[in-house]
Amino acid sequence: MLASRRVVFTLKHFRLKAVCRNVTTSWSPVEAAFNARQHRKLDLLGRNVGLFRVPELTSPAGFEKAQEKALEETQQLVQKACTISPGPQTVQTFDQLSDSLCRVADLADFVKVAHPDPAFREAAEKTCIEIGTAVEKLNTNVDLCKSLKDLLDNKDVMDSLDPETRRVAELFMFDFEISGIHLDKDKRKRAVDLNVKLLDLNNEFLVGSHLPNRIDKKALPDHIRHCFSLDGNYIQIGGLHADAPDDLVREAAYKIFLYPNPEQLSCLDELLSCRRELAQLVGYRSFAHRALQGTMAKTPETVMEFLELLSEKLTDRAVKDFGMMRDMKMKLNPENAELMPWDHPYYSGVLRAERYNIEPSLYSPFFSLGACMEGLNMLFSQLLGVSFQAEQPERGEVWCEDVRKLAVVHESEGLLGYIYCDFFHRLDKPHQDCHFTIRGGRLKEDGEYQLPVVVLMLSLPHPTKNCPTLLTPGMMENLFHEMGHAMHSMLGRTRYQHVTGTRCPTDFAEVPSILMEYFASDYRVVNQFARHYKTGQPLPKSMVSRLCESKKVCAAADTQLQVFYAVLDQIYHGQPHQSKSTTEILQETQALFYGLSYVPNTAWQLRFSHLIGYGAKYYSYLMSRAVASMVWKQSFMKDPFDRVMGERYRSEMLAHGGGKEPMLMVKGMLQQTPSTAEFVDALVSDLDPDFESFLMDSE
């Protein structure tokens with residue numbers, strides 16, 4: 001591995017203005033990088049190195065240059081791939097091809113949504129379209145496909161390849177096949193047309209899923225109109241207002257926001273129809289069968305077995321949870337005590353607050369952003385021998401001055417990669433927590449390793465003159481979750497970027513991030529870093545205990561709701577239901593897999609934006625959580641800092657990215673292949689109120 005040659009964080013890189021702090025202990029460099037107010041020196045003479053140190057990207061026009069360079073390189077690599085003899089070099093050339101396009105496309109995917117300059121966003125959007133068009137052409141290039149097929153058909157050569165190379169070759173062929181490369185000319189053209197049409201439909205549905213609905217303000221009672229946005233004589237409702245204490249506000253928001261939009265209904269119908277046609281055209285029974293190829297679950301039948309068994313095990317607990325919510329509603333609103341779907345998130349929150357007093361403002365002073373980052377630093381250092389070192393970005397390297405750059409360094413292997421931390425709120429920035437791969441890791445032709453680069457994007461409040469950024473417990477857990485994705489990217493050491501880090505099956509990709517949530521809930525971990533930003537006092541153990549226990553309140557009902565969503569996703573993408581609308585399917589599925597009744601004249605599915613990115617794969621959150629639960633209980637529950645287990649976790653699960661079948665990675669970590677029933681039992685056992693007791697007593 002490469003040793004770090006870059007200058008890491010020293011105080012000379014920043015003029016740090018410390019916020020109010022009455023304790024004598026000093027901040028660590030990582031803590032200071034995130035808690036102190038940064039004032040970078042204006043560098044007008046320094047060379048603009050370009051976004052992410054990509055020389056072409058000193059201005060928006062640079063995207064066209066980077067794109068042209070990538071496409072020229074692609075042409076040369078296509079020619080090379082079509083002329084070399086079948087062998088490992090075939091796979092290496094295909095991966096170079098993939099890398100040359102991804103290095104531009106992945107970066108552009110991030111810039112088009114996150115850069116504060118509209119000119120950069122527009123240029124990145126155009127590049128995404130151009131690269132996407134090039135990828136579609138490559139996926140239907142018969143000569144290119146033939147060169148790969150010649151390799152796959154050569155048993156002697158295939159037998160001589162290592163398992164990762166064989167798998168990557170098969171994954172590239174899968175990409176060809178789902179694009180219809182094996183079809184005759186007319187059908188192949190139809191497959192291409194469907195793919196192009198689906199790009200438009202996906203975008204149309206996503207945009208529509210977030211549009212507000214309008215209603216004449218006179219339709220709502222006077223006393224609740226102020227709760228919504230007013231637009232002339234109309235009220236605009238752009239969400240469910242799930243936290244509103246007034247039952248009538250939540251009811252109105254639910255019924256209006258979820259009122260069926262005919263255009264969106266038509267878009268969803270066409271979207272599902274095109275997905276089904278495309279899947280059947282390339283040889284699959286349904287879109288779900290195509291989407292689940294290569295995942296842990298492998299087939300829709302396995303997914304449904306998992307979801308149905310989980311629902312069966314949850315039923316009694318969920319009924320009990322809904323009963324508690326109903327009683328609370330009766331207590332607070334005896335005139336209208338029937339529990340409705342718009343009540344679930346609100347009254348479950350009321351129950352948690354009443355039982356455990358988990359007001360976020362009581363916790364936030366102990367969770368300064370710097371303290372949480374130092375907590376992650378200490379955890380990774382003990383568990384994996386990895387530490388963060390803050391670096392000063394060069395001129396033009398970052399898109400906003402409050403972006404922090406971390407070098408991830410292993411104690412013996414040296415520099416592993418870079419994490420850019422885009423953590424603070426700004427206008428036009430998406431309000432979602434995300435991990436973006438900017439550059440994937442791979443073994444280059446000269447024998448050096450191409451270091452991975454990622455961005456973690458949050459939307460946290462800025463520090464003030466007198467106070468660092470303070471996180472709620474939920475924000476802290478989200479930070480740990482996203483850092484799980486980042487470390488997957490950093491510690492994956494695959495030969496091929498096509499399977500680097502998080503480029504693995506969806507139902508496995510969430511395992512490292514969800515596992516980090518277990519660490520974030522463990523007092524032994526939290527006690528290492530949670531200190532009051534003014535007094536330095538540690539977060540009391542009783543507060544951590546209450547926080548953990550509060551998560552169990554109504555957890556069965558919450559999980560049941562996720563099962564309902566996952567089943568609905570499977571049904572929509574399974575065998576067609578010729579005579580039933582998506583709303584009728586929703587109504588039937590809700591009756592079977594939820595505990596609250598469907599509300600007439602609503603169409604929740606039109607707001608189900610996960611149907612785009614997670615089509616037929618929404619179950620992945622639940623299955624990944626089951627795996628993470630099993631890994632936690634078997635490997636880290638006894639000692640969350642166990643270095644032996646940390647190294648095993650890295651070598652068996654993180655190091656392979658998508659270069660190994662996911663279930664083989666799970667088997668390597670757990671020393672067994674879990675059954676569907678064991679996955680379900682792992683999830684259900686997490687709902688046990690006694691689950692955290694060991695953690696609280698094992699200090």
Side-chain angles (χ1 to χ4, degrees), residues 91 94-95 98-99 102 105-106 109 162-175 178 290-299 302-303 384 416-417 419 434-443 449-450 452-456 481-517 610 613-631 648-670 673-674 679:
V91 183
F94 268 79
D95 193 63
S98 175
D99 182 60
C102 286
D106 290 341
D109 268 335
D162 63 89
E164 183 181 4
T165 301
R166 285 199 301 271
R167 177 169 171 81
V168 171
E170 291 164 355
L171 290 172
F172 277 124
M173 182 53 74
F174 176 68
D175 290 339
I178 63 175
R290 172 191 153 176
L292 297 177
Q293 183 85 18
T295 62
M296 276 198 295
K298 297 192 176 187
T299 69
T302 300
V303 173
L384 298 161
L416 297 179
I419 303 172
C434 295
H435 162 276
F436 292 87
T437 296
I438 302 300
R439 184 178 71 198
R442 72 180 184 99
L443 187 63
Y449 199 79
Q450 176 173 291
V453 175
V454 305
V455 173
L456 289 191
H481 178 102
E482 296 303 329
M483 194 57 75
H485 285 309
M487 295 310 291
H488 195 182
S489 293
M490 294 297 107
L491 291 167
R493 272 303 183 263
T494 54
R495 186 180 306 173
Y496 305 102
Q497 74 82 37
H498 192 65
V499 290
T500 184
T502 56
R503 286 179 183 157
C504 57
T506 309
D507 54 6
F508 183 82
E510 292 294 328
V511 172
S513 54
I514 293 174
L515 181 62
M516 286 301 298
E517 295 176 21
H610 282 82
Y614 285 81
K617 296 179 182 178
Y618 191 81
Y619 77 94
S620 296
Y621 291 108
L622 291 167
M623 189 164 281
S624 287
R625 183 167 292 281
V627 174
S629 175
M630 297 179 80
V631 171
R648 182 161 134 192
Y649 174 52
R650 179 187 180 186
S651 64
E652 294 292 349
M653 297 191 83
L654 297 180
H656 303 289
K660 191 175 181 179
E661 284 191 32
M663 197 58 84
L664 291 178
M665 291 189 274
V666 173
K667 180 181 179 181
M669 187 67 201
L670 299 176
T673 302
F679 279 154

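Remember, predicted model here, so these are calculated numbers, not experimental data.
Using a 3.5 Å distance cut-off with no hydrogens or angles, the side chains of E517 and H481 do pair a donor with an acceptor. No side-chain N or O of E510 forms a donor-acceptor pair with one of S620 less than 3.5 Å apart. A donor-acceptor contact closer than 3.5 angstrom links the side chains of R503 and Q497.
No donor-acceptor pair closer than 3.5 Å links the side chain of H656 to the backbone N or O of R493. Between the side chain of R650 and the backbone N or O of A655, no donor-acceptor pair lies under 3.5 Å. Judged by distance alone, the side chain of D507 and the main-chain N or O of T295 form no donor-acceptor pair under 3.5 Å.
Between Y449 and G441, the closest heavy-atom pair is OH-C, 3.4 Å. S489 approaches H435 most closely through the heavy-atom pair OG-NE2, 3.0 Å. Taking each heavy atom of V91 and A169 in turn, the nearest pair found is CG2-CB, 3.8 Å. Nearest heavy-atom pair, V627 versus F679, reported as atom, atom and distance to 0.1 Å: CG2-CE2, 3.6 Å. In terms of heavy atoms, I514 sits closest to S624 at CD1-CB, 3.9 Å. Residues P505 and P662 share a closest heavy-atom pair of CG-CG, 3.8 Å.
Side-chain contact between H610 and Y621 is present, with heavy atoms from C-beta onward closer than 4.5 Å. Put simply, the side chain of F94 does not reach to within 4.5 Å of the side chain of V168, judged on heavy atoms. I178 places none of its side-chain heavy atoms less than 4.5 Å from the side chain of Q293. Contact check for L171 versus Y496: no side-chain heavy atoms found under the 4.5 Å cut-off. At a threshold of 4.5 Å between non-hydrogen side-chain atoms, the residues T500 and R439 do not count as touching. Taking 4.5 Å as the limit, some side-chain heavy atom of T506 sits within range of a side-chain heavy atom of Y614. Residues V631 and M653 form a side-chain contact, since some pair of their non-hydrogen atoms from C-beta on lies under 4.5 Å apart. At a threshold of 4.5 Å between non-hydrogen side-chain atoms, the residues M663 and P674 count as touching.
For E661 and K298, the salt-bridge test passes: some basic side-chain N is under 4.0 Å from an acidic carboxylate O.
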Decide yes or no on side-chain contact (heavy atoms from CB on, under 4.5 Å) for C504 and H488, but give the supporting numbers first.
-> CA-CA 11 Å; C504 57; H488 195 182; 3.8 Å; yes
Verify side-chain contact (heavy atoms from CB on, under 4.5 Å) between K660 and E652, making sure each step is shown before the conclusion.
-> CA-CA 10 Å; K660 191 175 181 179; E652 294 292 349; 4.2 Å; yes
Begin from the C-alpha positions of D106 and F436 and carry the test side-chain contact (heavy atoms from CB on, under 4.5 Å) through to its verdict.
-> CA-CA 8 Å; D106 290 341; F436 292 87; over 6 Å; no
Check the pair I419 / V454 against side-chain contact (heavy atoms from CB on, under 4.5 Å), numbers first and verdict last.
-> CA-CA 5 Å; I419 303 172; V454 305; 3.9 Å; yes
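How far CZ of R167 is from OG1 of T494: 11.5 Å, rounded to the nearest 0.5 Å. Interatomic distance, CZ of R625 versus CG of L515, reported as 10.5 Å (0.5 Å rounding). Here CG of L384 is found 7.0 Å from CG of L654. Values are rounded to the nearest 0.5 Å.
The aromatic rings of H498 and F172 sit parallel, their planes meeting at an angle under 30°, below the 60° perpendicular limit.
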